[in-house]
**Student:** 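The structure follows.
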Amino acid sequence: MDKLLIQGGVPLRGEVRVSGAKNAALPILCASILTARTLRVSNVPHLRDVTTTLTLLAQMGMDVALDERGGVALSAQRLDNRVAPYDLVKTMRASILVLGPLVARFGEARVSLPGGCAIGSRPVDQHIKGLQAMGASFEIEHGYIHARSERLRGVRIVMDMITVTGTENIMMAATLAEGTTVIENAAREPEVVDLAQCLIGMGAQITGHGTDVITVHGVHALHAADYAVMPDRIEAGTFLAAAAATRGEITLRSARVDSLDAVLGKLQEAGALIEVGDDWISLKQAARPAPVSVRTAPYPAFPTDMQAQVMALDCVADGTALITETVFENRFMHVQELRRLGAEIDVDGHTAVVRGVRGLSGATVMATDLRASACLVIAGLVAEGDTVIDRIYHLDRGYERIEEKLSHLGARIRRIR
Ligand code: EPU
């Protein structure tokens with residue numbers, strides 16, 4: 001298993017390009033199931049979760065062609081297997097995103113029920129409830145969700161809680177339903193908006209994306225389209241937090257500035273000087289960071305996917321910060337590992353109290369999930385001496401060439417195979 005070796009203590013400096021967004025690319029790739037025509041997707045990040053999604057689509061009988069510039073052409077013309085098997089779903093919960101498109105276009109889907117995962121139980125009841133309201137019937141057999149339907153019907157659906165992939169599944173299914181679907185209490189995440197824009201490019205009739213009420217007028221068929229995935233706001237935020245923690249100075253290119261308001265606000269609170277242009281962000285952190293307290297919540301509030309990285313920054317801040325996680329019930333697994341690097345953190349239920357220390361000291365730590373891994377990378381970049389991060393396959397799920405990009409910014413980091 002690969003590990004990362006980091007010799008910390010070097011401020012990050014220089015420029016780096018932000019990759020395409022994982023959490024926009026995954027639903028957009030699955031949207032290709034909705035049409036017999038070709039969907040060409042560009043700015044697709046090279047990540048393990050993308051590879052898993054393409055493997056899943058290919059197993060269903062889809063034609064998947066990669067081009068040399070990292071784009072993918074997908075055609076569902078010969079899709080004949082409507083199953084998402086356990087061995088793929090267990091490695092990537094986002095496989096559930098094939099459910100809505102399969103039911104809408106083929107009237108049938110068998111998707112393995114995702115089990116619990118490292119960050120919480122993460123049920124999919126809202127996905128099922130929405131599709132049921134549209135006329136699909138569901139059975140759970142042998143660990144699989146088996147959905148069947150005639151043509152789905154548009155209805156008004158009020159989501160019990162804000163769910164990103166739940167909103168995406170229903171929105172995709174509604175594009176081919178008969179009549180109008182209104183999704184209330186919908187997720188407003190930029191990735192939901194990016195998916196909606198791709199679907200509109202394919203001929204879907206969607207309004208209200210980016211608000212909490214999304215309206216979809218169903219059409220008979222979607223057509224071919226070309227779509228470029230938005231830049232990854234969490235990758236961008238991770239690099240910015242790393243630069244602030246190491247008291248560096250970096251510029252991000254190809255960034256989606258407007259998707260990062262809550263994160264940029266918190267970094268400014270930490271004392272970072274931030275400048276932005278149309279598609280770039282620069283950050284300079286001169287002094288020891290001030291502590292920043294955050295409370296995670298759905299967009300546009302502070303993202304749960306940046307909670308661990310900001311905790312790494314708070315570990316070396318000049319004071320005490322409170323970090324409250326409200327989206328997932330078990331997303332503090334990085335705390336134990338940060339303590340091994342010398343951080344002072346207490347957890348009480350959903351809140352972590354982080355008392356900043358002057359410095360961290362390198363140690364061997366273990367990554368437990370994707371964003372926890374990113375947090376350990378930041379802590380390792382700050383810590384004095386060597387930090388070895390084990391189980392970095394989590395990191396490879398969501399960060400494209402992270403050690404290359406960080407090396408380019410001056411970090412002493414390398415992969416040990
Ligand atoms: N929930 C339910 N029932 C449902 C759906 C969700 O109870 O049917 C709960 C979840 O258990 C959780 C909360 O609602 O407590 C929100 O979960 P949500 O459904 O929004 O999460 P998701 O769609 O499974 C996406 C991202 C996650 C990100 C969350 C929250 C993708 C592929 N994944 O997950 O990304 O943390 O939204 O913003 O879009 C990551 O990239 O590291 C990552 C985990």
Side-chain angles (χ1 to χ4, degrees), residues 19-31 45 47-50 52-53 56 89 91-100 111 113-133 138 145 157-172 183 185-195 212 229-230 232-238 259 262-263 295-309 325-331 333-334 350 367-375 393-400 402:
S19 298
K22 167 178 86 79
N23 289 347
L26 301 182
I28 286 171
L29 295 174
C30 295
L47 302 171
R48 203 158 62 92
D49 276 5
V50 166
T52 306
T53 304
L56 173 61
V89 179
T91 65
M92 191 189 67
R93 298 180 47 88
S95 313
I96 193 72
L97 285 164
V98 300
L99 178 66
V111 178
L113 255 180
C117 78
I119 61 177
S121 63
R122 299 180 79 183
V124 290
D125 54 300
Q126 296 301 304
H127 305 231
I128 294 177
K129 187 182 127 178
L131 294 169
Q132 252 168 350
F138 282 85
I145 303 168
I157 297 165
V158 183
M159 310 292 277
D160 293 349
M161 81 260 305
I162 298 174
T163 153
V164 175
T165 49
T167 302
E168 291 168 343
N169 242 334
I170 295 165
M171 182 168 74
M172 286 192 279
I183 310 169
N185 201 22
R188 291 183 281 169
E189 267 64 8
E191 294 77 12
V192 176
V193 176
D194 210 39
L195 170 65
D212 60 359
V229 174
M230 69 176 279
D232 197 311
R233 64 192 168 107
I234 305 301
E235 187 203 22
T238 302
S259 67
V263 172
R295 184 183 176 81
T296 66
Y299 193 83
F302 191 86
T304 174
D305 289 345
M306 277 298 298
Q307 177 257 105
Q309 299 90 313
E325 172 60 54
T326 76
V327 179
F328 291 110
E329 72 261 35
N330 189 23
R331 214 176 194 183
M333 269 120 24
H334 39 287
H350 291 297
T368 48
D369 73 66
L370 170 56
R371 307 306 170 184
S373 317
C375 144
Y393 54 86
H394 292 292
L395 206 58
D396 295 332
R397 291 186 52 191
Y399 289 91
E400 186 173 55
I402 189 165

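Whatever order the structure lists them in is the order used to number ligands and atoms, beginning at 1.
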**Student:** Do Thr326 and Arg295 have side-chain N/O donor and acceptor atoms under 3.5 Å apart?
**Tutor:** no
**Student:** Glu168: which residues meet the side chain to side chain donor-acceptor pair (under 3.5 Å) condition with it, sequence neighbours left out?
**Tutor:** none
**Student:** Any protein N/O atoms within less than 3.5 Å of an N/O atom in ligand 1? List the atom names and distances, or say none.
**Tutor:**
unit_1	atom_1	unit_2	atom_2	d
ligand 1	3 (N)	Pro123	O	3.3
ligand 1	3 (N)	Asp125	OD1	2.7
ligand 1	8 (O)	Pro123	O	3.3
ligand 1	8 (O)	Asp125	N	3.1
ligand 1	8 (O)	Asp125	OD1	3.2
ligand 1	8 (O)	Gln126	N	2.7
ligand 1	15 (O)	Val327	O	2.6
ligand 1	19 (O)	Thr163	OG1	2.7
ligand 1	20 (O)	Val164	N	2.8
ligand 1	23 (O)	Thr165	N	2.8
ligand 1	23 (O)	Thr165	OG1	2.6
ligand 1	24 (O)	Arg122	NH2	2.9
ligand 1	34 (O)	Arg122	NH2	3.3
ligand 1	35 (O)	Asn23	ND2	3.2
ligand 1	35 (O)	Asp305	OD2	3.2
ligand 1	36 (O)	Asp305	OD1	2.6
ligand 1	36 (O)	Asp305	OD2	3.4
ligand 1	41 (O)	Lys22	NZ	3.0
ligand 1	41 (O)	Asn23	ND2	3.0
ligand 1	41 (O)	Asp305	OD2	3.4
ligand 1	41 (O)	Arg371	NH2	2.8
ligand 1	42 (O)	Arg331	NH2	3.3
ligand 1	42 (O)	Arg371	NE	2.9

**Student:** Supply the atom-to-atom distance Arg397 CZ to Leu47 CG, rounded to the nearest 0.5 angstrom.
**Tutor:** 10.0 Å
**Student:** What I want to check is whether the side chains of Thr238 and Gln309 have a donor and an acceptor closer together than 3.5 Å.
**Tutor:** yes
**Student:** Measuring only between side-chain heavy atoms, which start at C-beta, is Asp232 closer than 4.5 Å to Lys22?
**Tutor:** yes
**Student:** For the atom pair CD (Glu189) and CG (Asp194), what is the distance rounded to the nearest 0.5 Å?
**Tutor:**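 So the CD of Glu189 and the CG of Asp194 are separated by 12.5 Å.
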